[in-house]
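One structure is given here, and the rest of the page talks about it.
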Amino acid sequence: MFKLQLLKKHILKVLVTVFFLFNILLLKSQNLVPNPSFEECYSMPTHFLLINNIHKIIKRWNCPVSATPDYFNSRAYRTVSVPNNFIGSQEAKTGNAYVGLILMYANGSEYLQARLKSPLKKDSIYCLSLYISLAEKSSHFVDQ
């Protein structure tokens, strides 16, 4: 009788553990941003001055203003390569690519936009994370 009770308790502990592990896997976050590391591209840039239509280079991203964000990729020409390029040296946080933006200048700011993989839901909590690095050849920075 005692062994049967121990066995039932053991089975119950295993079932509870499996239940919690299964729920943790279901709650795993998902990334709603398409091409989040800018890995998917139509073509490799050959020079930073030629990148004025970022939507023709990076898949699923565009710049809605007349600014010219820069695209850097380890397989690109040396002035826009990773890690060393015309503005300094920076490894990609993940993958082989990243984007350079001027956040404040006389004509406005450079920024990118992309359509999310699915719409945001009302009354839901979302977490945004991104990695920022000041280029070595930058003379100014934005702190807000």
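What you see is a predicted model, and the numbers here were worked out from it, not measured in a lab. One is the number of the first residue; the rest follow in order along the sequence.
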>> Around atom NZ of Lys59, are there more than 12 heavy atoms from other residues, nucleotides or ligands closer than 6.0 Å?
In response: yes
> Got Ile58 and Glu40 here, is their nearest side-chain heavy-atom distance under 4.5 Å?
Replying inline: no
> Is the backbone N or O of Asn96 less than 3.5 Å from a side-chain atom of Glu39, with the two atoms forming a donor-acceptor pair by type?
Replying inline: yes
>> Is there a path of hydrophobic side-chain contacts, each under 4.5 Å between heavy atoms, that joins Ile132 and Leu128?
In response: yes
> Less than 4.5 Å apart, any side-chain heavy atom of Ile102 and any of Ser109?
Replying inline: no
>> Can a donor-acceptor pair be found, under 3.5 Å and without considering hydrogens, that links the side chain of Glu136 to the backbone of Ser89?
In response: yes
>> Give me the atom names and distance for the closest heavy-atom approach of Tyr98 to Ser81.
In response: OH-O, 4.5 Å
> Which pairs with one or both residues in residues 116-131 pass side-chain hydrogen bond (donor to acceptor under 3.5 Å, both in side chains), sequence neighbours excluded?
Replying inline: none
> In the single-linkage hydrophobic clustering (I, L, V, M, F, W, Y; side-chain heavy atoms under 4.5 Å), do Phe38 and Leu32 co-cluster?
Replying inline: yes
>> Go through it in stages, so that I can follow the logic: the residues are Ile57 and Tyr71, the test is side-chain contact (heavy atoms from CB on, under 4.5 Å), and I'd like the CA-CA distance, side-chain angles, deciding distance and then a yes or no.
In response: CA-CA 8 Å; Ile57 295 175; Tyr71 179 64; 3.6 Å; yes
>> Please check if the number of heavy atoms outside Arg115 that lie under 6.0 Å from its CZ is greater than 12.
In response: no
> Do Pro83 and Gln90 touch side chain to side chain, with heavy atoms closer than 4.5 Å?
Replying inline: no
> Is there a side-chain contact between Asn62 and Gln113, using heavy atoms and a 4.5 Å cut-off?
Replying inline: yes
> Would a distance-only check, ignoring hydrogens and angles, find a side-chain to backbone donor-acceptor pair under 3.5 Å from Trp61 to Pro36?
Replying inline: no
>> Minimum heavy-atom separation for Gly95 and Ala92, please, with both atom names.
In response: O-CB, 3.5 Å
>> Using side-chain heavy atoms (C-beta onward) and a distance below 4.5 Å, is Phe72 in contact with Ile87?
In response: yes
>> How long is the straight-line distance from NZ of Lys56 back to SG of Cys41, given to the nearest 0.5 Å?
In response: 15.5 Å
> Side chains of Asp70 and Phe86: does their closest heavy-atom pair fall under 4.5 Å?
Replying inline: yes
> Distance from Glu110 atom CD to Thr68 atom OG1, nearest 0.5 Å?
Replying inline: 4.5 Å
> Distance from Leu101 atom CG to Cys63 atom SG, nearest 0.5 Å?
Replying inline: 8.0 Å
> Would you say Val82 and Val80 are hydrophobically clustered, going by side-chain heavy atoms of ILVMFWY under 4.5 Å?
Replying inline: yes
> Among side-chain atoms of Thr79 and Asn85, is any donor-acceptor pair under 3.5 angstrom?
Replying inline: no
>> To check you understand the geometry: which heavy-atom pair defines the closest contact between Asn31 and Val33, and what is its length?
In response: OD1-N, 2.9 Å
> Are any of the side-chain heavy atoms of Tyr111 and Pro69 separated by less than 4.5 Å?
Replying inline: no
>> Is there a path of hydrophobic side-chain contacts, each under 4.5 Å between heavy atoms of I/L/V/M/F/W/Y residues, joining Tyr42 to Val99?
In response: no
